[in-house]
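Quick note: residue numbers are just sequence positions, from 1.
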Amino acid sequence: MPSFSFIHAADLHLGSPFQGLALKDAAVAAVFVEASRKAFSTLVGLAIEKRVDFFVIAGDVYDGDWKDNKIGLFFNREMARLERAGIPVYLLRGNHDAASVITKTITLPPNVHEFPTSKPGSVRLEALKVALHGQGFAERSANDNLAITYPAPVSGWFNIGILHTSLTGREPHAPYAPCSVDDLRSRGYDYWALGHVHDFEVVAQDPLVIFPGNLQGRNIRERGAKGAVLVTVEDGRIDHERLIVDEARFAQVDIVVGPEDDQAAILRHVEQAVQPLVDDMAGRMTALRVRLSGVTPLQGSIAANRQQWRDEVEAACHRVHEDIWLEKLELKLEAPPEKTADADGALDLHQLLAEHAGNAGNADIAAEAGRLVDEIAVRLPGGLGATEQPLDDSMEALIEEARQLLLARGQGAA
């Protein structure tokens, strides 16, 4: 069997609008939008530099239907670079760019091969003795086990299965094309190039089953380095290495505040927690979430003056590095016990909130909060509210923020 190499990528999500960032800072959101394109251009450049034999994309090239042809033109440009370098591309559609989702088209160069969506298809690379097998999504929701319908391997060749799947479940990703590792093994392939899950994961070694993750983090849940995988096959041995290409990153630091910490001490804690991120930035902008937790007599003041504290924390980040931008200040603070009870027997807000935090109360509060969020979402510009989390936070986080503010006001914080 000849030696060869290929790049396995997935979840490019070209055209992702970064709604949450756009709500907070349009300029920062624009940096992340451009980062998605730069990351893919960098990966294409690496493919050409390393002279790989082919390029695999396991779904979700696009984030959804195009508003115009700009995204299609960009992808075509990058595919044309690969064509001029003699590198063929094999891709399939995922849930975000299913055949039913993408309505516009741009004619791609002849080096791009798309797998069918109605049934599995195969491509044979005669010179390399490689067979690739794959099936894309016809509809955004694919609930069938597609893997078990993939064809038998080509005997004596290196067989690659390409599939957009959640396997047996990978939260918070939707359960699309569910299957087990045993289902994959049953096909007898040598390598499974998976997509859909945005974290890098080597799922199995025999055969090698890999999620490369997405090329560029898109929200605070997608933290850390992002990229693709370079696979090399030589003398029947399979090696792989990550190619990190992301241009901007999300990160989070958790800081525990003590009862004796004043404002200056808390901001020093922020600077100390942020400092280790600098070595990993390598010129990338970092959108940082800072979570403050612990017991402090400043709880009421911090909650009541959240915006001022947010600005102070962002200033602390900038004192460490100018390219660290505060994505959110998250408060999980509690006042000392002696501050929460009224000596004269007045209403204890902590007790009242606890009584209404039971299962029934939670459901009622969540329902009312959901109704209010829906009212706000329809007023957001540019379709920013048309997401699973239109205010870029879970309902639990929004309710907790309201609880913190209520406690602050109840304590008379100014």
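- Within the cation-pi definition used here (under 6.0 Å to the ring centroid, within 45° of the axis), Arg187 does not qualify as a partner of Tyr150.
- The aromatic ring centroids of His240 and His8 lie 6.0 Å or more from each other.
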Given Val257 and Ile302, is the side chain to side chain contact (heavy atoms under 4.5 Å, CB included) satisfied, shown in steps? CA-CA 12 Å; Val257 174; Ile302 293 173; over 6 Å; no

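- In this structure, the side chains of Leu82 and Ile48 come closer than 4.5 Å at one or more pairs of heavy atoms.
- Panel note: side chain Asp190, backbone Asn159; a donor-acceptor pair is recorded below 3.5 Å.
- Here the side chains of Phe211 and Leu167 are in contact, with some heavy-atom distance below 4.5 Å.
- A salt bridge is absent between Arg249 and Asp280; no separation between the charged side-chain nitrogens and carboxylate oxygens falls under 4.0 Å.
- No option in Arg284, Lys226, Arg223 other than Arg284 meets the salt bridge (charged side-chain N to carboxylate O under 4.0 Å, His left out) test with Asp246.
- The side-chain hydrogen bond (donor to acceptor under 3.5 Å, both in side chains) with Asn95 is formed by just one residue from the set Arg140, His164, Glu139; it is His164.
- Of the inter-residue distances, the one linking Arg291 atom CZ with Lys332 atom NZ reads 6.0 Å to the nearest 0.5 angstrom.
- Val233 places none of its side-chain heavy atoms less than 4.5 Å from the side chain of Tyr191.
- No side-chain N or O of Asn214 forms a donor-acceptor pair with one of His13 less than 3.5 Å apart.
- A side-chain donor-acceptor contact under 3.5 Å links Ser122 and His133.
- Judged purely by distance below 3.5 Å, without hydrogens or angles, the side chains of Asp183 and Ser186 never pair a donor atom with an acceptor atom.
- In this structure the side chain of Phe4 never reaches within 4.5 angstrom of the side chain of Leu125, judged on heavy atoms.
- A salt bridge is absent between Arg268 and Glu271: the closest approach of a Lys/Arg side-chain nitrogen to an acidic carboxylate oxygen does not fall below 4.0 angstrom.
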How far apart are the C-alpha atoms of Leu184 and Cys179, what are their side-chain angles, what is the distance that settles it, and do they pass the side chain to side chain contact (heavy atoms under 4.5 Å, CB included) test? CA-CA 8 Å; Leu184 303 182; Cys179 61; 4.0 Å; yes

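- In this structure the side chain of Arg237 reaches within 4.5 angstrom of the side chain of Asp239, judged on heavy atoms.
- Note that the CG atom of Asp199 and the CD atom of Glu222 stand 7.5 Å from one another [nearest 0.5 Å].
- Between Glu83 and Pro109, the shortest heavy-atom distance links the atoms OE1-CB, 3.4 Å.
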Please test Val229 against Phe200 for side chain to side chain contact (heavy atoms under 4.5 Å, CB included), starting from the C-alpha separation and ending with a verdict. CA-CA 9 Å; Val229 175; Phe200 169 75; 3.8 Å; yes

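- One N or O on the side chain of Thr296 and one on the backbone of Leu298 form a donor-acceptor pair closer than 3.5 Å.
- The shortest distance between side-chain heavy atoms of Trp66 and Ile106 falls below 4.5 Å.
- Note: Arg93 CZ to Leu91 CG = 8.5 Å, rounded to the nearest 0.5 Å.
- Taking CG of Leu329 as the start and CG of Asp311 as the end, the distance is 10.0 Å to the nearest 0.5 Å.
- Relative orientation of the Phe54 and Tyr90 rings is perpendicular, given thresholds of 30° and 60° on the angle between their planes.
- A distance of 6.0 Å or more separates the ring centres of Phe6 and Phe158.
- With sequence neighbours excluded, the residues satisfying side chain to side chain donor-acceptor pair (under 3.5 Å) with Arg185 are Asp182.
- For the pair Val295/Pro336, a side-chain contact is recorded, criterion being any heavy-atom separation below 4.5 Å from C-beta on.
- Taking the six-membered ring where the residue is Trp, Phe115 and His113 present perpendicular rings, their angle passing 60° and hence far from 30°.
- Contact annotation: the side chain of Arg81 never approaches that of Asn76 to less than 4.5 Å [non-hydrogen atoms, C-beta and beyond].
- Judged by distance alone, the side chain of Asp11 and the main-chain N or O of His198 form no donor-acceptor pair under 3.5 Å.
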I would like to know whether Asp63 and Ile71 meet side chain to side chain contact (heavy atoms under 4.5 Å, CB included); could you show each step before the answer? CA-CA 10 Å; Asp63 193 61; Ile71 295 300; over 6 Å; no

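- Nearest heavy-atom pair, His96 versus Ile102, reported as atom, atom and distance to 0.1 Å: O-CD1, 4.3 Å.
- A distance of 5.5 Å separates OG in Ser5 from CG in Leu230, rounded to the nearest 0.5 Å.
- Atom CZ of Phe137 is separated from atom CD of Gln135 by 9.0 Å, given to the nearest 0.5 angstrom.
- Looking only at distances, no side-chain donor or acceptor of Arg37 sits under 3.5 Å from a matching main-chain atom of Glu34.
- The two atoms that bring Thr165 and Val197 nearest to each other are O-CG2, 4.3 Å, heavy atoms only.
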